[in-house]
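Everything quoted here is computed from the prediction, not taken from an experiment.
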Amino acid sequence: MEQIGIIGVGRMGLALGKHLIKHGYAVTACDIDRGNLNKAVDLGAVAASDPAELGRRASFVILAVGYDDEVNEVTLGKDGVLQTLAKGSVIAVSSTVAPDTVKALDAAAQAKGSDVLDAPICRGRLFADEGKLLALFGGKKHIVERARPVYGAFSSDIAHLGEVGHGQVGKAINNLLLWVNSIGLIEAGRIAESTGIDLPNLAAALKMGSGASKALEDWDQTTFTWALKDMQIVSKMADQAGLSLPITGAVKELVKEARRVKATNPPKWTRSSGA
């Protein structure tokens with residue numbers, strides 16, 4: 001079995017580690033937050049002091065950090081995992097980052113004899129806890145096949161979308177559609193509330209018609225925490241392609257206020273949502 005390393009064992013990374021350990025994998029964990037690292041150790045992981053130490057122990061490294069600069073730091077930095085990772089190893093990027101970021105990392109990894117798997121994950125925290133994530137793969141076919149049993153420990157579905165970078169393209173489009181729908185639910189909810197209609201009853205009806213969406217189904221779990229970052233990635237892609245996308249631009253601005261609205265006074269699409 002692969003020797004697994006996970007860099008970033010916060011809310012998502014810890015869930016991945018739990019399932020991997022349950023499936024018999026030896027897991028080494030690294031996180032700048034000692035509290036997160038202690039939780040991983042309690043589950044059975046071995047702690048590494050930095051990514052370079054983790055690289056000495058792992059043949060398959062999963063990145064679960066939050067941002068592009070963190071991906072670059074833990075891989076390409078002074079104490080980055082690429083400094084020590086053995087040839088023939090894999091770095092799987094399950095962080096949500098720009099396609100350019102994983103492409104550049106793949107070039108750096110190949111220069112050192114390793115490969116990158118572009119592997120963002122979808123469906124969020126509750127599905128991570130249940131081991132039912134969706135993984136979007138971008139990479140060489142043999143690397144994808146090597147990764148399937150690893151990701152199968154915490155994913156019920158895996159889609160190979162193409163080359164390195166295409167996994168992040170898939171995640172960006174998934175997130176764009178999520179936030180378009182989520183903003184729509186706030187505005188639609190406000191209109192509906194103004195009429196005095198029972199919103200949960202309306203939601204149940206909408207789920208049987210063309211107004212159905214995954215965003216509506218998962219309304220209680222939606223937080224908009226990562227929405228701005230997601231939309232910044234999409235906007236960067238649009239700029240690079242020379243595309244004028246006014247709806248995308250509007251959603252990028254609207255998610256800023258939507259985060260506050262969802263946390264304080266959201267439309268009550270379910271009996272349990274909001275105060």
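Side-chain N/O atoms of Thr96 and Lys171 include a donor and acceptor closer than 3.5 Å. Between Gln110 and Asp106, the side chains place a donor N or O and an acceptor N or O closer than 3.5 Å (distance only, hydrogens not considered). Of the N and O atoms on the side chains of Gln168 and Asp100, not one donor lies less than 3.5 Å from an acceptor on the other residue. Using a 3.5 Å distance cut-off with no hydrogens or angles, the side chains of Ser59 and Glu2 do pair a donor with an acceptor. Residues Arg123 and Ser156 have side chains that bring a donor and an acceptor to within less than 3.5 angstrom of each other.
Taking the ring pair (Phe, Tyr, Trp, His ring centres under 6.0 Å) definition, one finds that Tyr151 meets it with Phe137, Phe154, sequence neighbours left out. With sequence neighbours left out, the side-chain contact (heavy atoms from CB on, under 4.5 Å) criterion links Leu161 to Leu136, Ala159, His166.
Arg56 is not listed as a side-chain neighbour of Leu85, based on a closest heavy-atom distance of 4.5 Å or more. Val150 is listed as a side-chain neighbour of Leu20, based on a closest heavy-atom distance under 4.5 Å. Taking 4.5 Å as the limit, some side-chain heavy atom of Pro120 sits within range of a side-chain heavy atom of Asp118.
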#### Entry: Trace of the salt bridge (Lys or Arg N to Asp or Glu O under 4.0 Å) decision for Glu257 with Arg260
CA-CA 5 Å; Glu257 175 65 8; Arg260 183 194 65 79; 2.3 Å; yes
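From Thr222, atom OG1 reaches atom CG of Leu178 across 6.0 Å, with rounding to the nearest 0.5 Å.
The cationic atom of Lys262 (NZ for Lys, CZ for Arg) lies less than 6.0 Å from the six-membered ring centre of Trp219 and within 45° of the ring axis.
Put simply, the side chain of Asn175 never gets that close to the backbone of Ala227: no donor and acceptor are under 3.5 Å apart.
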